[in-house]
*Asks:* 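Take a look at the following structure, please.
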Amino acid sequence: MMLQQAGSVQLLCLTANSGVPLFTRGASKQLPFSIIGSLNGVHMFGAGQGVVLAGCETDRGGRMVWRVFQDSVMLIAVSSGGQAQQEGGGAGQEDLHLRRLLENVWNCMVLVLGQDELASLRNVERLKRDLRSCYRLIDQLLEGGQGQEGTMGDLTHCADCLLPPNATLLQEGLDGFTQAADSEFGCLMIHGRIATATEKWWRLAPQEVVLLSVLARSLSLSGSASCDTPVFLPQGSPTVAHRLLRFQLLPGADVCVLCGPSPTLHRAENELVGCFWSPLLEALRGSLAVGERCLPGSVTLRPDVLALLLINRESRRSVSCVKAIITNHSHPPSDHPLPSKARCWELLRLFYTFTTTRYFPLEETQAPALTPGEKAQCGDSLREDFALGFSHQPLQCYLVTEECKCFGLQTAQHQLYLLTPLSVPTFALRSVATQTLSAVTLATGF
Amino acid sequence: MMFNIATDRGTSRSISGNFEDFDSIRRVLLYSDLEPEWLDDVQKNGELFYLELSEGEEEAALAQAAANNGLSTNRVHFSEKEVEIISEECRKRPDGTPTKAEPKLKRLARILRRKRQPSQRSGPDGGAKDSSSLPTSILKNQVGQRAGLVVQQQQLKEVCVYLNPKRLGSCSPPPPERGGLLEALLGVVHRPSWGQGDPVGGRGERIAVHGLVPNSPAIKCAQILIGDDLVAVDDVDVTTENIERVLSCIPGPTQVKLTLVTASPGGPGEGGVDVSSAPRLRPAPPVSQLVRLLWGEDTVELQMSIGHIPHIVMYLSLKLDSDSPLEEQEILYQYPVSEASSQLKGVRGIFLTLCDMLENVTGGQIVSSSLLLSKQLVHVGYWKESNHLLVIGLPAERVPLLSLQTVVGGVVRTLNVMYGSLGSAFCQVDHAPRLDHFFCLFFQQLIHPSRLSDSSVATPPDVSETLFLYGLPAVRWLTLPPEIKMEVDTVLSDFESSDFGEMSEDFYGMRRLYVTLGSCLFYKGYLIANHLPKEDLLDVCLYCQHYCLLPLAAEQRVGQLVIWREVFPRHRTQNPQTQTNNNHRTRPGYCQPQGRYFLLIVGLRHFMQCVLLEAGGCASPALGAPGPDCVYVDQVKATLLQLEGLDVGMEERLAAPPAPCLSCADWFLPSSARDRLDTMAASSPVLSKLAGAVKPSSSAQGGVKGVGRSLFGGGARRPSPQRSQSDSGSEGQPEGGVGGQTGLSPHSTPDSARKLDGRRDSLGSGGSDGSGASGSIFKIPKMKHPNPFYLGTLKKSLTERETEEMYHTIKLTSGAENTLFHYVLMETVQGIFIAPTHRELAQLSGSIHPRLIRNFHHCCLSIRATFQQSLPSRVRRGTDRPQRTHGLGPVKEHGVLFQCKPENWTDQRKAAPTMTYWVIGRMLLEPIPQEFYVCFHDSVAEVPVEMAFRLSFGLAL
């Protein structure tokens, strides 16, 4: 009897104390209540004995992760590895993904409902109803990298950025617009990535920036020209709501402002948007033209880079791109066909997870709002840090698989993850990576 | 001709001549009617684990301890009960009847009769043994139990002496009128009082020391004085009446505690000083923890020391009988019983539930789960077999999740080999003490590996190394020069043919007891010859690993090791049931006989031979639980004795410079080299250059300078002046990291070396072939250091001159400089791996290098885990092809670059110098499946395939 579809992730949410199911997302077929109950019960039983159950895995790569938030909500993620090929024994890789997912889902619930309502659990039935408003976001998080956008912020907790060719112009425009909207938090999103944002916006916790990007993306997918949404900031202000105003400037280009009671959506839309952004239409079009490459035309990537993810460790921003595969007919199809674009995104995510679980330390900015008890059970203490076992510091690593070659390197400021075709000789990977890193950082100052 | 190793052997002797030798050894062993010492230790079920330290070791240890005059913590004595029981049986030992021509059957019958005696004895004796009733040697340890005795009776003094009854030879016990065993064995001369004619018949007279025999144990210990009275031996009261009998019960070399009454004429005051201080300062022989653990001593104490670290093993029943009133009825077995483990035991409900549920939810078996237990992360591994669940919990800081499955798999396989199945291992109550011992060893190895290792070993094994090397499905192999290898193989084959007189059927017209399926031979823990199929080898090796037999043999410790037990080799016993059922109809012809299998391990000094025997099949079927048969044990012993002559050759091989050459990490770190070599550098221009000039950036061109480089055994391209310079420079400085390498060049003239190993080829030929293919910069430097590399096959095409040219340093890395730090190459098919020997590592001392090795092993854990996850998919590829690949897919090469800094960098102004190095793993499937792990300096880009190719030339099989 197998209750779950292969390869899917199912998310269970229950109240921590009473075990009342709040919602289930992610699977076509819901787990029966008895199973959900015993999944919760196992964790509760352990907690009673002073043992915190963190997770478990199966021989087929299936994996289960528990976590309790604010002593009130229990989130359980169940992934059924399904195909035996997946990660058989690749301990801890899927783990990071699921842990990040739980954290994101919780933050997402706070973002929409506020911490008070979640922590107090006064009326479970009402909470259940209210939580429905989170479903869209949660579903988007569950999709993860499988979404078309190819963003990785949910995994890396670094904001996905797009480096526009005319950054200063857009920055000035955004600063002016934000100020006029009585706010300090403003951000311009191109293709669902942050093209530019005000300084204060970057000062938000990285998870919040990522989550707001996800929210803005889902809002812009709804197709409306503008909207006004109340948001709680999971770390900044988990109990007091702000307003998130979003305006579509062009298809694919959105501007967001976090603000207080004023201005009204109507006023901002009619007076401010046109005034500040119509002179910048050309610049916006130029940025849109960058497309999914995320890098301005001034940066020339080597032809043998299939995909890259560049993380700025200080500012917690990331740029990622997957090259459009040019099916070159002059070359006969080689033995090793290049992986598809979607597969490249998947590989990039997997390689990032692999590397950060094994070698590179995770950039963990611990939320200050957590209770001490919760701190103890989240983050590293629940996750075994294999990287801590090394007596020397890992700087670079590479993998040669059957599809491509992966190379990761980290410097004091950056982490770079690269995919190259198999045709690139292994010993050349390193120079390809260092050249790419310097090419991007020199041209854009990222 | 070929046997240049055994010095006493004429070179003109033919091989058959050697075999005559061989047979004669066997014959001597066979007919010398000595009763083996281990006979008493055979258990009721036929199993035997007999370990005895070599006497040289014991005595040396004792002498050293005596010099140290350390406080006694470990006293060895016979339990009184045991001695009494033995004496009731009136056993005499050694058996003096010289019956050379006694028919075998009769002898066998006698042996069988003897064998039964200890088993009867072990009934009442079982209670006396504490938690572990593993068949131990007669040595037992009870710490501090008798301390009170000394204090109470001031005139008593306790003296520990080392006795070896075997030194008396096989002759009959010395007649009582000549002092008997007391004089012959102990060296105490006692003249019975004149009034009584018959000393033995006397009414228990006190034994006064009237004299001491020169060179005897009694006089050596320098504590037994003439005039003392011997009152007890190992707490057994002795008189003239029973002393001979008590002494005759000492089976083998052992330490014995004598209690004496000092006739101190100086009065009680002086006597008090003499008595109370001296005896209690009796030192303990520093028998290593490992040996004591193997003897089944100290388990409680050792277990206490790791009691605070959560770890547990449980065997749980999944079929719960709710009616049963018993509280913990689902726990079929549990170890240990400590505080931390009780918490894990308390949450066994989690394990049971998860095991049950996960299968339903995700369609896979649970393999691991992680728990946070009072701030400590604990990984729990699962193994489900029918209705039972084996659960092993280990702290995450010792065993990372990556290797948990390998560890659990290893335990399960070992238990399967030992007991046939987990069910039979855990469900029989009388196995419990043995399992306790098994798991005590298991946890000690993982949690406290340093405790088990001897302090003499320079670098104690760390957990990562244990996890990685023991996790490999392979055994550590030592390449030998072909002529030695051949002789070893010949001797083994000869043994396995079972052709010697007594074992053949015709000799007595009865069916032989066992068929030798094969054997493998270890020398100092390295496998040097294997005539077993891979799976059997791995089974045997797993057993040896779990009982720490390999490190044990590496130390000069084993006087005699005899292990006998029934085993259930995996592919022999576990497949046939299904196989024969299925194949009987479809494929007539040969099918594996359904026999029983026995493992016989005999160790003698550094050698250890494991023999797999089959009963049933063409040998006579085994009935009941047969114990070890003396004939077989003797034959193995004879084989080992025969091989002892090859000792020299193996030592030579171990002492040979590492091939391929290794570098020490410290040499590449300019600062540390400078700090340490400051004084040396002043006198040696070479070293100053070495210390100053080696920077990662410049090292690629470093070879051009040539001078400092030759130290690395690398390309000294220029002729001798510089080389001799470098030699003199380093020979003047025997200490430090540099000395290790050049200290190896006692036979540094090429000529002598060439004579020594005229048939050795060097790796360079292979290397240059390989580099030609990929255009690497590997070049053949002129040979200066003879760096012998033993190749299995002779390159026939090479002319003499070519051979000379090829005679260069073996360098695995390309470039002018040797940048290789460490390597592990595993041949998957044969189930062996090679890595630098312990001695080679010890030579590369240094502060950073050990850390680098540790890091290497830790990284290899990760690399191998990455490879493994791709392996199963490979198997299923054919069927799953159309499906989308999940995960990263099969990984065939994986590398990590590390940066290391010297520890304790105090200079605030300058940044610490750094050195970067790669750890790369490569999985090769063609031409032969191999896994290759290598660690080298960052300066040269390497192609691991090529390195593996070059290295595998060294695997002479």
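What you are looking at is a predicted structure, and each value in this text was computed from that prediction instead of being measured. Each chain gets a letter, A, B and so on, in the order its sequence line appears, and its residues count up from 1.
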*Asks:* Would you mind checking which part of I920(B) comes under 4.5 Å of any heavy atom in chain A, side chain (CB onward), backbone (N, CA, C, O), both or neither?
*Replies:* side chain
*Asks:* With T434(A), which residues qualify under side-chain contact (heavy atoms from CB on, under 4.5 Å), at least two apart?
*Replies:*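 Per chain and number, T434(A) pairs via side-chain contact (heavy atoms from CB on, under 4.5 Å) with L409(A), S431(A).
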*Asks:* Grab the two heavy atoms, one from P394(A) and one from V896(B), that are nearest each other, plus how far apart they are.
*Replies:* CB-CG1, 3.9 Å
*Asks:* Give, for atom CD of E57(A) and atom CG of L354(B), the distance between the pair rounded to the nearest 0.5 Å.
*Replies:*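 The CG atom of L354(B) is 12.5 Å from CD of E57(A), to the nearest 0.5 Å.
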*Asks:* Provide the closest heavy-atom pair for M357(B) versus S38(A) in the form atom of the first, atom of the second, distance.
*Replies:*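 Answer, listing the atom of M357(B) first, then S38(A): SD-OG, 3.0 Å.
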*Asks:* Could you give me the CA-CA distance, side-chain angles and deciding distance for Y398(A) and W918(B), then say whether ring pair (Phe, Tyr, Trp, His ring centres under 6.0 Å) is met?
*Replies:* CA-CA 11 Å; Y398(A) 70 84; W918(B) 282 104; 5.6 Å; yes
*Asks:* Indicate yes or no: at least one non-hydrogen side-chain atom of T866(B) is less than 4.5 angstrom from one of R358(A).
*Replies:* yes
*Asks:* Could you tell me how the ring of F898(B) sits relative to the ring of F390(A): parallel (under 30°), tilted (30 to 60°) or perpendicular (over 60°)?
*Replies:* tilted
*Asks:* Compare every heavy atom of L358(B) with every heavy atom of C56(A), then report the nearest pair and how far apart it is.
*Replies:*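 Nearest heavy atoms, C56(A) then L358(B): SG-CD2, 3.6 Å.
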*Asks:* Could you tell me which portion of Y359(A) (side chain, backbone, both or neither) has an atom closer than 4.5 angstrom to a non-hydrogen atom of chain B?
*Replies:* side chain
*Asks:* Is a donor from one side chain sitting under 3.5 angstrom from an acceptor on the other, for R851(B) and S391(A)?
*Replies:*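 Side chains of R851(B) and S391(A): no pair found under 3.5 Å.
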*Asks:* Highest number of heavy-atom pairs under 4.5 Å with chain A: which of K901(B), Q343(B), R854(B), E893(B)?
*Replies:* E893(B)
*Asks:* Grab the two heavy atoms, one from D938(B) and one from R430(A), that are nearest each other, plus how far apart they are.
*Replies:*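 Heavy-atom minimum between the residues: OD1-NH1, 2.5 Å.
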*Asks:* What heavy-atom pair brings C397(A) and H894(B) nearest, and what distance separates the two atoms?
*Replies:*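 So the two residues come closest at CB-CE1, 4.3 Å.
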*Asks:* Could you pull out the closest heavy-atom pair between P400(B) and F386(A), with the gap in Å?
*Replies:* CB-CD1, 3.7 Å
